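Notes to accompany the following structure.
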2 protein chains.
Amino acid sequence: MPDTTPEELVAVAEVGPVQEVLQAIADPVRLEMVRRLAAAPDLTVRCSALYDDIGKSTASHHFKVLRESGLTERLSIEGQPHQRLRLSAVGERYPGLLDTVIQALDD
Amino acid sequence: MPDTTPEELVAVAEVGPVQEVLQAIADPVRLEMVRRLAAAPDLTVRCSALYDDIGKSTASHHFKVLRESGLTERLSIEGQPHQRLRLSAVGERYPGLLDTVIQALDD
DNA sequence: TCACAGGTTCGATGATCATCGAACTCGTGC
DNA sequence: GCACGAGTTCGATGATCATCGAACCTGTGA
């Protein structure tokens with residue numbers, strides 16, 4: 001791969017259609033992941049801190065669904081993989097959606 | 001049944017938890033139903049006008065899911081059953097959620 | 001170089017849910 | 001009363017998807 005890839009290009013990803021976004025957060029496990037991400041500083045959390053009581057492979061599957069819908073992105077901090085909630089990107093495309101959902105979670 | 005039931009009591013129904021609401025609108029068929037309801041005058045539409053290409057029983061199942069989540073309510077107009085989108089009730093509990101989703105549907 | 005920890009991918013299994021047809025209910029009108 | 005149209009309920013079937021274990025990849029640090 002070329003070493004000319006700027007960091008920004010990696011981060012740029014499309015937020016999927018509403019349908020896809022809704023299905024992504026309609027799952028209890030994934031919704032909990034989003035909740036923890038939203039509560040974290042910088043919206044960033046180590047993968048293993050996003051779940052409990054499920055297997056690694058299951059968690060990884062949910063990460064993928066969240067990422068493909070554009071809700072989260074993968075990034076590396078000191079070599080460790082992390083997940084980051086793309087709050088502003090989602091907010092631009094669907095204003096108020098995520099905020100309202102997150103707000104409703106810690107009622 | 002007693003004839004003392006005021007009309008208001010029938011209409012009063014709780015909007016379900018976010019989880020339930022999200023799952024309700026995450027389905028393609030139900031999302032289309034919501035879209036048609038939102039576009040209709042008075043947010044009210046005859047049941048048969050909310051779908052095509054699926055059986056009556058399937059449609060009725062989706063009506064039930066929407067109703068139980070608090071998104072819609074059943075009402076009778078000249079003897080004919082109708083569905084009504086409870087836009088304001090949902091908006092009170094989850095501000096901006098439905099509006100944003102509906103807005104995104106007719107992009 | 002090797003071992004190890006943390007995520008990912010791959011198939012297979014199981015549960016959940018959308019779909020359907022048939023029987024039932026409720027209103028309307030003949 | 002009966003027939004009819006429109007929704008609902010009920011079981012059964014099928015597809016979708018969450019879950020898991022095992023193998024694989026990719027860093028880090030002996």
Side-chain angles (χ1 to χ4, degrees), chain A residues 1 3 5 7 10 13 16-17 19-37 40 44-69 71-85, chain B residues 1-3 5 7 10-11 13 16-17 19-37 40 44-69 71-85:
Chain A
M1 58 183 77
D3 58 343
T5 308
E7 201 175 308
V10 182
Q19 181 78 49
E20 191 177 358
V21 172
L22 289 175
Q23 276 174 344
I25 55 180
D27 182 87
V29 176
R30 290 194 290 265
L31 193 52
E32 169 66 13
M33 288 176 167
V34 169
R35 196 190 64 76
R36 297 192 186 184
L37 281 169
T44 305
V45 162
R46 267 184 53 247
C47 302
S48 59
L50 287 176
Y51 63 93
D52 18 44
D53 302 329
I54 60 175
K56 280 197 304 179
S57 53
T58 303
S60 188
H61 160 67
H62 289 302
F63 294 157
K64 188 177 182 184
V65 174
L66 287 174
R67 253 183 283 120
E68 288 182 342
S69 73
L71 280 170
T72 64
E73 64 190 0
R74 198 172 0 197
L75 64 146
S76 203
I77 298 183
E78 300 176 5
Q80 301 291 325
H82 287 238
Q83 305 280 345
R84 202 179 89 88
L85 185 63
Chain B
M1 57 183 80
D3 57 343
T5 309
E7 204 175 307
V10 181
Q19 181 77 49
E20 191 178 356
V21 172
L22 289 175
Q23 276 175 344
I25 55 180
D27 181 87
V29 175
R30 290 193 290 266
L31 193 53
E32 168 66 14
M33 288 176 169
V34 169
R35 197 190 63 76
R36 297 193 187 185
L37 281 169
T44 305
V45 161
R46 268 183 55 245
C47 302
S48 58
L50 286 176
Y51 62 94
D52 18 44
D53 301 330
I54 61 174
K56 280 198 305 180
S57 53
T58 303
S60 189
H61 161 67
H62 289 302
F63 294 158
K64 189 178 182 182
V65 175
L66 288 174
R67 253 183 282 120
E68 288 181 344
S69 73
L71 281 171
T72 63
E73 64 190 358
R74 200 174 356 199
L75 64 146
S76 204
I77 298 184
E78 301 177 5
Q80 301 291 326
H82 287 238
Q83 305 280 344
R84 202 179 90 90
L85 185 63

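Residue numbers start from 1 in every chain, and the chains themselves are labelled A, B, ... in the order their sequence lines are given, proteins ahead of strands. Below, all heavy atoms of this structure are taken into account, side chains as well, without hydrogens, waters or symmetry copies. All of these numbers come straight from a predicted model, not from anything done at the bench.
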> Just wondering, do B/Met33 and B/Tyr51 contact through their side chains at under 4.5 Å, heavy atoms?
Replying inline: yes

>> As a test of reading the structure: which of D/dA6, C/dG6, D/dT8 is closest to the side chain of B/Arg46, going by heavy atoms?
In response: D/dA6

> Say you draw a straight line from CG of B/Leu37 to CG of B/Leu71; how long is it, rounded to the nearest 0.5 Å?
Replying inline: 10.0 Å

> B/Gln83 pairs by side chain to side chain contact (heavy atoms under 4.5 Å, CB included) with which of B/Val45, B/Leu75, B/Leu50?
Replying inline: B/Leu50

> Checking B/Arg36 side chain against B/Ala49 main chain: does a donor-acceptor pair fall under 3.5 Å?
Replying inline: yes

> CD of A/Glu20 to CD1 of A/Ile25: how many Å apart, nearest 0.5 Å?
Replying inline: 11.5 Å

> How long is the line joining NZ of A/Lys64 and P of C/dG6, in whole Å?
Replying inline: 23 Å

>> In this structure, how many angstroms lie between the C1' atom of D/dT8 and the CG atom of B/Leu66, rounded?
In response: 15 Å

>> C/dG7, OP1 or OP2 - any side-chain N/O from A/Arg74 closer than 4.0 Å?
In response: no

>> From CZ of B/Arg67 over to C1' of D/dG7, roughly how many Å is that when rounded to an integer?
In response: 9 Å

>> If I take atom CD in residue A/Glu20 and atom P in nucleotide D/dC17, what distance separates them, rounded to the nearest angstrom?
In response: 11 Å

>> Give the residues of residues 48-62 of chain B touching DNA chain C, defined as any heavy atom closer than 4.0 Å, sorted by residue number.
In response: B/Ile54, B/Gly55, B/Ser57, B/Thr58, B/His61, B/His62

> Roughly how many Å is it from CZ in A/Phe63 to P in C/dG6, rounded to a whole number?
Replying inline: 13 Å

>> Just to be sure I understand the geometry, which residues of residues 24-32 of chain A put a non-hydrogen atom under 4.0 Å away from DNA chain D?
In response: A/Asp27, A/Val29, A/Arg30

> Can you list the residues that meet the salt bridge (Lys or Arg N to Asp or Glu O under 4.0 Å) rule with B/Glu68, with sequence neighbours excluded?
Replying inline: none

>> Treating B/Gln19 as the side-chain partner and A/Ala26 as the backbone partner, does any N or O pair qualify as donor plus acceptor under 3.5 Å?
In response: yes

> Got a donor-acceptor contact below 3.5 angstrom from the A/Arg30 side chain to the A/Gln23 backbone?
Replying inline: yes

